[in-house]
J.: 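There's a structure below that I have some questions on.
So you know, we letter chains A, B, ... as the sequences are listed, proteins then strands, and number each from 1. Not measured: the values here are computed from a predicted model.
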Amino acid sequence: MWRYVIRRLLQAIPTVAGVVLITFVLFNVVGGSPAAMVLGQNAGARSLEEFDEARGYNKPLFCGNWTGTRALEEVDFEEAPPSVRAKWGAGVTGPLRLEDGESLTYPLAFPLSEGETWRLTVTGQGEGFPDRGDRLPAFSMVWKKSFHGVGNPAFTAVGGPVEIDSVRLERGTRHFFDSQLAHYIGRVMRLDFGTSSSLNQPVWNLLKAGIGPSLMLTVPILVIELVVSLTLALLCAYRRGSWLDRSLVAVCVGLMSVNYLVWIVIGQYVFAYKLGWFPVWGFESWRNLLLPVLIGVVTGLGVNVRFYRTILLEEMHKDYVRTAFAKGLGEGRVLFKHVLKNALGPVITQVALALPFLYTGSVLLESFFGIPGLGYLSLNAIHSSDVDVVRAVVLVGALLFTGVNVLADVALAWVDPRVKLS
Amino acid sequence: MSAELTPPSTEPPQASVSFGREAWRRLWRSPVSRACLAVLAVFVLVALWGEAANAWYSWKDVTPPWQAQNLDARYLAPGAGHWLGTDGLGRDVGLRLAQGARIAFQVGVVSSLIAIPLGVLLGCLGGYFGGWVDDLVVWISNTFASIPGLLFVLAIAMVVGKGLLGVFLAIGLTTWVGVCRLIRAEVLKQKGRGYVRAARALGFSHRRILFHHILPNVIHVAVVSFTLRFPAAIGTEVFLSFLGIGAQGEPSWGAMISSARLRLWQGVWWELAAVTVSIFAVVLAFNLLGDALRDALDPRLHIAQD
């Protein structure tokens with residue numbers, strides 16, 4: 001048994017790595033730094049850089065010795081818009097022109113910090129291009145200069161005019177693998193989920209505060225759902241083909257087809273507002289949870305009853321059921337004692353699949369009924385581009401899912417020892 | 001629709017009637033399926049009309065009638081002028097409903113066009129080649145499957161940005177896993193069959209065996225999952241648009257529910273009712289058709305019935 005548990009745990013490692021990688025690709029590679037979205041259009045380059053620094057966004061994505069900086073956005077004079085050209089003192093079109101002896105003045109958004117290594121790269125051509133060696137002046141030439149902190153190096157045209165095509169300033173990384181990926185993996189390892197940019201609190205605290213209300217909502221939903229839908233499914237299987245079975249299945253398909261939103265909107269309007277049976281909004285007493293739990297159960301009922309019914313019916317075609325009937329056992333005994341026990345495997349899997357949903361809560365139920373759980377938290381985070389919170393919720397959800405899957409498999413192996421062999 | 005319902009079958013199980021035609025015959029025999037097909041035909045026609053009308057008005061550069069505000073005609077109950085009434089800005093609910101059908105249709109089709117080819121391709125490759133290819137496919141699908149669905153959708157939509165593109169990608173990239181798993185399992189089953197061994201013995205290339213021989217025999221799985229994905233995609237779109245992440249400034253069903261919800265408290269019920277009934281009809285038709293299709297296409301069930 002223990003060997004099986006360990007093997008199953010080892011199998012989960014690639015999945016965990018994959019989840020970390022996907023969240024990284026989604027939020028860092030595709031999403032990029034949310035600094036501008038969070039801080040607004042009018043934020044200065046320096047505060048943007050500080051935001052990036054705190055969250056590791058100012059590093060190269062995967063690896064590299066140099067990375068861009070907001071102190072001086074990379075500029076290509078062929079494509080630069082007029083506002084950028086004006087900052088550099090360039091003409092209306094074409095490359096930036098320096099006369100003999102003239103130095104390049106770069107419009108730094110903020111002074112460069114001293115402790116870092118910087119590299120300035122200028123490409124262009126012309127007779128006065130410094131350090132051009134033996135190359136012909138007609139070709140585009142590259143001038144690179146590394147330096148430390150304050151004293152910005154001067155790029156001066158010597159002995160003729162220079163036409164500059166592009167200027168790029170980069171900051172040196174500490175080492176080749178000092179990247180966003182390494183930063184992210186390190187933080188995940190330390191279970192450091194960063195700071196919420198909209199609420200200015202550690203994400204970890206927000207998760208801890210939100211999980212309680214979420215569980216209060218979702219655990220009752222799961223338990224009631226399981227009991228009710230298994231009972232109904234057994235009823236259907238017991239009386240399969242009867243009008244009861246058929247009408248229940250029809251009702252289930254109907255329930256499945258009503259949109260989730262509609263359940264909530266109508267439920268809240270009719271039962272809480274019109275009839276006044278439940279409180280409309282808030283999270284003060286257990287009575288606030290009644291209606292959301294009810295709606296949660298009803299919305300999942302259709303799918304679950306049909307699923308369990310299919311499992312039970314599939315089980316009923318098996319040989320041992322025929323044997324049980326043949327030796328004269330009653331239908332009820334066969335159903336509840338033999339079939340239900342044997343159908344436990346898929347039921348466990350189904351419940352395990354629903355468990356991570358417990359943690360994230362129900363986004364819609366929580367926001368409609370004002371329950372301060374993780375669903376509500378992540379929805380607000382999405383609206384305010386609070387990437388750290390969204391990423392943490394997604395990541396923790398996925399890790400929990402993987403863990404729960406391992407637990408479910410172990411439980412399955414415990415219920416049905418044959419599983420271990422495959 | 002009929003093109004999708006009759007997968008080209010190179011290996012007919014019965015000598016006389018092709019598998020696809022037989023399945024279609026079974027499907028058409030049931031009045032419920034016929035009713036579903038009729039509902040879906042209406043839905044598709046309305047959506048196509050909505051698409052054409054939208055294209056026409058944007059080409060003419062005129063404000064389309066479903067966006068034209070008329071503050072004198074706010075909150076009109078259903079009547080002769082506006083069959084389904086008007087909303088809080090005096091816009092005709094019926095026309096907006098038709099445009100909502102267009103968006104729902106778009107989302108269903110485009111997200112399926114992302115999810116199904118991706119799932120079918122990876123499932124086929126993994127199931128057929130086995131070994132490290134299969135390990136890779138299983139790893140990717142396990143990873144995607146272990147991220148909580150709705151949050152993943154929200155996160156993708158957030159990263160890609162507000163708008164329908166985010167909705168397409170979010171739904172497409174989260175739903176291919178189910179298709180992939182079903183197809184992979186089916187391909188694994190087919191791989192050991194005699195016709196595959198025969199094709200291999202004849203020296204056919206892997207590509208030919210996989211895509212000309214095995215694929216037609218497993219594609220019914222993709223067809224069934226299409227009919228189940230479609231309503232799910234509509235539901236997700238409604239959810240995203242309701243939250244303001246989906247369609248921007250367009251009369252999507254989710255956005256209509258979002259605005260109708262607040263007016264319900266003032267007794268304006270028709271907007272919500274119209275959207276609710278439309279979604280219900282379309283999703284119910286898809287669900288019932290999906291069941292019927294599965295029964296018609298699954299050879300295992302035929303044996304059980306006979």
Side-chain angles (χ1 to χ4, degrees), chain A residues 11-12 14-23 26-27 30-32 34 249 253-254 256-262 264-266 268-269 273 302 306 317 353 356-357 359-360 362-364 367-368 374-375 378-379 381-383 385 387 390-391 393-402 404-405, chain B residues 32 135-136 138-161 169 173 231-232 234-236 238-239 241-245 253-254 257-258 260-262 264-265 269 272-273 275-288 290-291 304:
Chain A
Q11 280 169 356
T15 312
V16 171
V19 166
V20 172
L21 201 64
I22 283 190
T23 46
L26 185 60
F27 291 107
V30 182
V249 169
V253 178
M256 276 166 65
S257 307
V258 177
N259 195 267
Y260 195 65
L261 274 173
V262 170
I264 301 179
V265 170
I266 305 266
Q268 199 176 29
Y269 177 70
Y273 176 70
R306 268 168 50 108
H317 284 298
L353 286 178
F357 158 84
Y359 149 80
T360 53
S362 165
V363 175
L364 279 183
S367 48
F368 263 89
L374 289 177
S378 26
L379 196 59
I382 282 166
H383 278 307
S385 309
V387 172
V390 180
R391 176 161 59 189
V393 175
V394 169
L395 188 67
V396 174
L399 295 182
L400 278 182
F401 183 87
T402 315
V404 163
N405 251 349
Chain B
V32 175
D135 289 343
L136 188 70
V138 169
W139 176 63
I140 298 177
S141 57
N142 272 349
T143 305
F144 271 82
S146 54
I147 299 179
L150 213 48
L151 271 176
F152 198 24
V153 167
L154 285 173
I156 294 178
M158 173 182 118
V159 165
V160 176
L169 285 177
L173 290 179
I234 292 178
T236 312
V238 166
F239 168 78
S241 298
F242 175 84
L243 295 177
I245 299 169
W253 286 347
I257 293 184
S258 169
R261 171 175 81 103
L262 300 170
L264 183 66
W265 308 69
W269 52 268
L272 188 64
V275 183
T276 306
V277 171
S278 315
I279 300 178
F280 180 73
V282 171
V283 173
L284 183 67
F286 265 114
N287 280 338
L288 289 175
D291 285 355

J.: Sort out for me which of T402(A), V390(A), V30(A), L364(A) touches chain B most, counting heavy-atom pairs under 4.5 Å.
T.: L364(A)
J.: With a cut-off of 3.5 Å and sequence neighbours excluded, list every side-chain donor-acceptor pair involving residues 145-159 of chain B.
T.:
unit_1  : atom_1 : unit_2  : atom_2 : d
S146(B) : OG     : N142(B) : O      : 3.2
S146(B) : OG     : T143(B) : O      : 2.9

J.: Nearest 0.5 angstrom please: L261(A) CG to L243(B) CG, how far?
T.: 7.5 Å
J.: For I266(A), is it the side chain, the backbone, both, or neither that has a heavy atom closer than 4.5 Å to a heavy atom of chain B?
T.: side chain
J.: If you count heavy-atom pairs under 4.5 Å between each of T23(A), V265(A), V258(A), I382(A) and chain B, which one has the most?
T.: I382(A)
J.: Would you indicate whether the side-chain heavy atoms of I257(B) and V262(A) approach each other to under 4.5 Å?
T.: yes
J.: Just checking F368(A) against F242(B), ring centres under 6.0 Å apart?
T.: yes
J.: Please list, chain by chain and in numerical order, all residues satisfying salt bridge (Lys or Arg N to Asp or Glu O under 4.0 Å) with R306(A), sequence neighbours excluded.
T.: D291(B)
J.: Testing I279(B), V282(B), L284(B) for side-chain contact (heavy atoms from CB on, under 4.5 Å) with S257(A), which one passes?
T.: L284(B)
J.: Just give me the residue among T15(A), L379(A), V404(A) that pairs up with chain B most often, heavy atom to heavy atom, under 4.5 Å.
T.: T15(A)
J.: Relative to chain A, which of N287(B), L288(B), L272(B) shows the most heavy atom pairs under 4.5 Å?
T.: N287(B)
J.: Heavy-atom distances under 4.5 Å only: say whether I234(B) touches chain A with side chain, backbone, both or neither.
T.: neither
J.: Output the option from L26(A), V19(A), V387(A) having the highest count of non-hydrogen pairs under 4.5 Å with chain B.
T.: L26(A)
